[in-house]
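For reference, the structure is listed below as structure tokens.
So that the names make sense, note that chain A is the first sequence line, chain B the second, and so on, each numbered from 1.
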Amino acid sequence: MCGRFWNIQFPFLHSRFKTNWYSIMKPISIFNFHGMPSQIFEPLVSLSLLRIHLQRSSFCSAAAMEWRIGLNIPSANQLINAFSSYCYQRDLDKAMKALDFMQKHRIWADSVTYAELIKCCIARGAIIQGKQVHQHVFSNGYEPKTFLINTLVNMYVKFNMLDEAQALFDQMPERNVVSWTTMIAAYSNSEFSQKALEMLIQMLRDGVRPNMYTYSSVLRACKGSCNLAQVHCSIIKVGLESDVFVRSALIDIYSKWGELQAALCVFNEMVTGDLVVWNSIIGGFAQNSDGDEALNLFKRMKSFGFCADQSTLTSVLRACTSLALLELGRQVHVHVIKFDQDLVLNNALLDMYCKCGSLHDANCTFNRMVEKDVISWSTMIIGFAQNGYSRKALELFKAMRVSGTKPNYITILGVMFACSHAGLVEDGQYYFRSMKKLFGIDPGREHYGCMVDLLGRAGKLEEAMKLIHEMDCEPDAVIWRTLLGACGVHRNMDLAECAAKQILKLDPDDAGTYILLSNIYANSQRWKDVAQVRGSMRDGGIKKEPGCSWIEINKQIHAFILGDKSHPQIDEISSKLNQVIWRLKEMGYVPDTNFVLQDLEGEQSESSLLYHSEKLAIMFGMVSLPKKKTIRIRKNLRICGDCHVFAKLLAKMENRCIVIRDPIRYHHFHDGACSCGDYW
DNA sequence: TTAGGGTTAG
């Protein structure tokens, strides 16, 4: 019992509810209504019976007992006190029974107690009870304080009942900064984020000064740099730019809009920050694929004495994922153990192992996870599919369905990716045709893209083209590029020209399209057309992105670019490469100069082919790592056919695994074969 | 005494 509630805090209760025999008698009928057996009302009921009922029965029956046996006479104060006690104990059922009693007898508690009850309703998702509290505090002319109405508005927001929240907000006789901020936060988190910005303007017009709570909420509603700049100016004007909540929200929103330099400026102005501000800036860089900077900031954070929490580690893992830093990722895993039950962190760990090509570690992590959600399952399915284990991906999808986890848009995309990369045309078509019926998911542009890939790879180019024309939405450059790639494989010149035309309409500077088209012409000996494509590229100043490969050795990342001889060990690497090629040629390796044509910027000779960046990176792995250690490479462009053959033969000759991650998928080379089954 | 910031899959 909370002593302070023994004092009547609302003097008007005396006038509304007089504690006399008449008023005490009234509850008796209520108690009977609640089902008390009539014999309980006999005056000679024993104390032990009372104890039993106090333990088993509701507040109302206990209060009735107390009154009947004359041990205690419940006054309005006592009833309010009991109600408060139930509210603070979060005993919702008893509190609601007491509330019902109070409602019938026009008794009101204080705002703080109702706020506690509302918190309890929110925590339990008890909408009906929450509405009863709302009705009670507005009944019989009672005028709740602004504080209490704010709490009710917040309750509707938490129940995702924005219309009810807005209606109550509109009825408020006066609104303070909390009232406005509650609604602004609600709209910022909703699909009506523009409304949050409109409310900020209305609030200022009403003469209510926004505070740090308001700004940290409204920032999330900013769409684009224009809104953001205006809100940022407003923050500076009211002198709130140094608040850590506002600062982290600013960093976060600038990062979300890709304005990392602006985010960094906000961060660098900080004199005393907290862990969340550090997490905001690290997360910002990690999410914008700048893993290097994210890791640098993480090092700085540690030098300032901050300890990483689950959010920090999640971003650090994401940085490792984008850079394919398996060894560093493994070190982070040691710290993840501290937060073993954190689902989001475990999902990030799982993704790191998948994207770093270590499926064994990924599978162990997945199997150890106590809690799995749709992201965990999707990550593992996509991980299997991208690493060339399509059958395992489909088996896991079946297990997911058995587990009862509902697949979503991305899960189905992963399943279709598995089908397209394993040539499982019938399975892919089945999932595509039945996804709406089986899972309630409408096929989106990406699903169509997977189907075009599936049909195109299988040589069903006309069917792929037909599907593009059947799409509900406009096909984008990615879909046309997929078709163009398939036309290259199956040498369909007419369709290739049509697809290339569509891509260049949508993305006129796409170097990849010019190169693909040029290769298709070259493979058919159409040299005039090859020259025309190259001329267009030259005239348009369009340059191919240079091929680059990265390898992690002793926590250092080494980058290799075709023709770049700046690496300090380049002589050793070149010498090793020449030895290896000589030995491979003895095994029957013949450089496939068809692929020289892909490299329009480089020398068109066998030597340029032999110095493709992944070959250099593999050689550096060979001279730097222990003999049996897997060599893991990440590269920015798709692997060419010659490097693919080279890696397969080398893996067999050296009896070691080589893993190459390209922008689309992974190649695990082992014993003369690749996990992609030469189908990529 | 009500309102606020950072983390996961294509």
For a quick check of understanding: with a heavy-atom distance under 4.0 Å over all strands, which category does [X] fall into, base, sugar-phosphate or nothing?
| X | value |
| --- | --- |
| Y409(A) | base |
| V153(A) | nothing |
| T181(A) | base |
| D274(A) | base |
| K372(A) | nothing |
| D342(A) | nothing |
| V218(A) | nothing |

Calculate the interatomic distance between [X] atom [atom1] and [N] atom [atom2]; express it in whole Å.
| X | N | atom1 | atom2 | value |
| --- | --- | --- | --- | --- |
| Q310(A) | dT7(B) | CD | P | 13 Å |
| R209(A) | dG4(B) | CZ | P | 19 Å |
| Q341(A) | dT8(B) | CD | P | 20 Å |
| I118(A) | dA3(B) | CD1 | P | 11 Å |
| N288(A) | dT7(B) | CG | P | 11 Å |
| M212(A) | dA3(B) | CE | P | 15 Å |
| L349(A) | dA9(B) | CG | C1' | 14 Å |
| F432(A) | dG10(B) | CZ | P | 21 Å |

Donor-acceptor pair between Q89(A) and S85(A) side chains, under 3.5 angstrom: yes

The side chain of [X] is closest to which nucleotide in this list: [options]?
| X | options | value |
| --- | --- | --- |
| R318(A) | dA3(B), dT8(B), dT7(B) | dT8(B) |
| V178(A) | dT7(B), dA9(B), dT2(B) | dT2(B) |
| I375(A) | dT8(B), dG5(B), dA3(B) | dT8(B) |
| Y213(A) | dG5(B), dA3(B), dT8(B) | dA3(B) |
| N211(A) | dA9(B), dT7(B), dA3(B) | dA3(B) |
| S217(A) | dG5(B), dT7(B), dG4(B) | dG4(B) |
| V244(A) | dG5(B), dT2(B), dT7(B) | dG5(B) |
| N347(A) | dT1(B), dT7(B), dT8(B) | dT8(B) |
| I382(A) | dA9(B), dG5(B), dT2(B) | dA9(B) |
| T379(A) | dG5(B), dA9(B), dT8(B) | dA9(B) |

Would you say the base of dG5(B) and the side-chain of S248(A) have a donor-acceptor pair closer than 3.5 Å? yes

Can you find an N or O donor on one side and an acceptor on the other, under 3.5 Å apart, linking the side chain of D243(A) with the base of dG4(B)? yes

Under 3.5 Å, which donor-acceptor pairs link side chains of residues 258-268 of chain A to any protein atom two or more places apart or in another chain?
from	atom 1	to	atom 2	distance (Å)
N268(A)	ND2	L264(A)	O	3.2

Determine whether the aromatic ring centres of residues H447(A) and Y409(A) are separated by less than 6.0 angstrom. yes

Which label fits Y254(A) and H232(A): parallel for a plane angle under 30°, tilted from 30 to 60°, or perpendicular past 60°? tilted

Tell me whether the rings of W278(A) and F306(A) are parallel (<30°), tilted (30 to 60°) or perpendicular (>60°). tilted

Tell me the side-chain hydrogen bond (donor to acceptor under 3.5 Å, both in side chains) pairs involving residues 238-252 of chain A, sequence neighbours left out? D252(A)-K256(A)

Strictly below 4.0 Å, N to O, side chains only: are K131(A) and E164(A) in salt-bridge contact? no

Using OP1 and OP2 only, check whether a side-chain N or O of K145(A) sits under 4.0 Å from dT1(B). no

